[in-house]
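These notes concern the structure reproduced below.
All chains are named by letter (A, B, ...) in the order of the sequence lines, taking the proteins before the strands, and each is independently numbered beginning at 1.
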Amino acid sequence: MGAVKLLFVVQRPPYKSENPRLALTHAIASQTAEIYMDEGDSVVPTVVLVGDGVLNAVKNQQAMKLYGVTSTESHIKNSLLIDMPIWVCKEDMARLGLKEDQMITDAEELGAELKTKFVSYADIQKEMESVKHLLFF
Amino acid sequence: MGAVKLLFVVQRPPYKSENPRLALTHAIASQTAEIYMDEGDSVVPTVVLVGDGVLNAVKNQQAMKLYGVTSTESHIKNSLLIDMPIWVCKEDMARLGLKEDQMITDAEELGAELKTKFVSYADIQKEMESVKHLLFF
Amino acid sequence: MAELTIGVFSSLVGSMSLDFSFKLAEAAMAKGHKVNMWLSGNAVMMAKKGQKAFKDYSHNEKRMKELIGKGMEITVCEACAEARGYHKEDTPEGMKRASMDWYLAKTVKTDRLFHIGGE
Amino acid sequence: MAELTIGVFSSLVGSMSLDFSFKLAEAAMAKGHKVNMWLSGNAVMMAKKGQKAFKDYSHNEKRMKELIGKGMEITVCEACAEARGYHKEDTPEGMKRASMDWYLAKTVKTDRLFHIGGE
Amino acid sequence: MKLAAFLSDWRRTEDSLERIKAEKLGVILVGNGIYHAVIKEGGKDSPVLSKAGATFYALSDDLETRGYTAANVNSKVKLISYGDIVDLIMSEYEKTAWL
Amino acid sequence: MKLAAFLSDWRRTEDSLERIKAEKLGVILVGNGIYHAVIKEGGKDSPVLSKAGATFYALSDDLETRGYTAANVNSKVKLISYGDIVDLIMSEYEKTAWL
């Protein structure tokens, strides 16, 4: 089958549901899926934060300090560290009054080279069309 | 303390959440709460279905036949059987286009004397004010 | 001081309403109030001992035990627990199992009822 | 026939999305399709055996066992299960436990993925 | 793309359906999503049913579970069974989205 | 009545808050409810904050968990701690409602 593209679509805000976190942890798991696959096969995930899902990428989340739980921010940064694309919808940021300086833009402190990509909805639509499977969370 | 009035407020439709069902089963449990109470104490529950919660009282629910699960209808009828008041908000029925002949109006087949009471929101507001505790589901 | 009864219906991992409830109970007890807690619906997920404290998941077992140790009364809905496969031997120490009427009875004498009915 | 992989994340009792998933799996297998099922998040509540079949609660253990008997592959998220206190010995017969990568790998060869990501 | 989109809620908390474009789009109402097929809030059809170019389906098991029958269903919506959903997913559409 | 009403969702699925009347009403934003205190969708305050006669509170732990600070909070809303919630429930208000 070769490389199979997957799109993880996070539509809702963090913490009230486990699902945005599970979107990230499942996408990250694509890195270790090879043990279950045939030679030459792989999965290529992209995570998009769209609608209220863009709230997952607000920076300085204190979930660990206050509730002892890994923040969604930390999962996003770990994603960047393993070069997994994180896309955030620009129109939804604008609608919710979010500026880029409020958002997780990179994970340089971890040594990640990849940065968050701020994209238009049209780019997300295009990606939905190009992948094999959609995973809405 | 004597008799303590409780108001169970069901605000959402059945089945997508366990909570409307739990409102009814908890209210019904007031019948057996005496074993934990002092002589002369009692709880007097009323269940109101308000907002989309009125959808819980649509009759002919086939949950048992199709999913093997007791219907919310059956819980409402058991409530009437033990003389527990079930109130349904008339304004919300009108908003959602529900007529009285679509609704659970009684549980005569079980031998219940009490009937569903179709009330205005003003009556519900008054009851909220008169009870000791509110339990929103 | 006064008595507060908290009823919770939300799952262990998810909405964080259980985390909220335990932190609130802790704050209330720190102010000298007596706290009772009723766990029903998916909140009976607290009635399974041996939960691993991974950092990716809400974990309330430790705080719950501390609060029980300080006098919090905590009871879970027995039928809700059995339906999920949690039996008597799964129950953490100090937690009671009872029918829903336990909660109803608590509403009589408690000064405040805080019923957290959502998921 | 073709292969369908269903991923489910909803709790045992509540939204009835698990009931939906098992009934859909049954219908797909009746039509000759191969079905794989991945349970993660609160759907790992299926990974606790001995659930009492009360009529007031969703109960999927029986249907699940039948489908496993007919060849459905079903795997639960191991970490999600441990966080909820479900250990290896709690797992119903025929159900596997694995990391999330199991699910990811299934997406490669499956003809259709039906990812039920909501509560 | 050919997309089967599932709605299982009455009060929705996303706007994904409104935004998605698909050359072939099926909207499948399941769970509390079936209320979109039977309720005319304030006398009007659910906005869901105005999604342009979509074909609408509702799962009859979930309709009957909630006390409704075919007679209540909006004429835009086709009633289907679990078996029909399997055929839609496996044959008519290529991708699925549970919104 | 003196009522403390809790909102824990951003996209709400009830209209109870809009309808409830109370001579003294506290609206306490917790969990994802805190977004009502910090987001101006389309440039406007959340409709929640227009509830007449209410006093608005937001739990600072839940605000900071989500990446916000006091500087982001609408001037109508007072930031509070868990201890403050206890005092509000036990002393300021008589009844509670988790909506």
Under a 4.5 Å heavy-atom cut-off, does chain C meet the side chain of D:Ala79, its backbone, both or neither?
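Both parts, backbone and side chain.
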Pick whichever of C:Cys80, C:Ala53, C:Gly41, C:Gly14 has the most heavy-atom pairs under 4.5 Å with chain D.
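The answer is C:Cys80.
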Output all donor-acceptor pairs under 3.5 Å across chain C and chain D; consider backbone as well as side chains.
residue, atom, partner, partner atom, Å
C:Ser11, OG, D:Asn42, ND2, 3.0
C:Val13, O, D:Asn42, ND2, 3.4
C:Asn42, ND2, D:Ser11, OG, 3.0
C:Asn42, ND2, D:Val13, O, 3.3
C:Lys48, NZ, D:Gly85, O, 2.8
C:Gly50, O, D:His87, NE2, 3.2
C:Lys52, N, D:Glu82, O, 3.1
C:Tyr57, OH, D:Cys80, N, 3.4
C:Cys80, N, D:Tyr57, OH, 3.4
C:Glu82, O, D:Lys52, N, 3.1
C:Gly85, O, D:Lys48, NZ, 2.8
C:Tyr86, OH, D:Tyr86, OH, 2.6
C:His87, NE2, D:Gly50, O, 3.2

Holding to ring-ring contact (aromatic ring centres under 6.0 Å, His included), I want the full list of residues that pass it with D:Phe22, two or more places apart in sequence or in another chain.
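Residues passing ring-ring contact (aromatic ring centres under 6.0 Å, His included) with D:Phe22: none at all.
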Once side chain to side chain contact (heavy atoms under 4.5 Å, CB included) is applied, do any residues pair with C:Ala25, and if so which ones, sequence neighbours excluded?
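Checked C:Ala25 against side chain to side chain contact (heavy atoms under 4.5 Å, CB included); matches are C:Ile6, C:Val35, C:Met37, C:Leu67, C:Met72.
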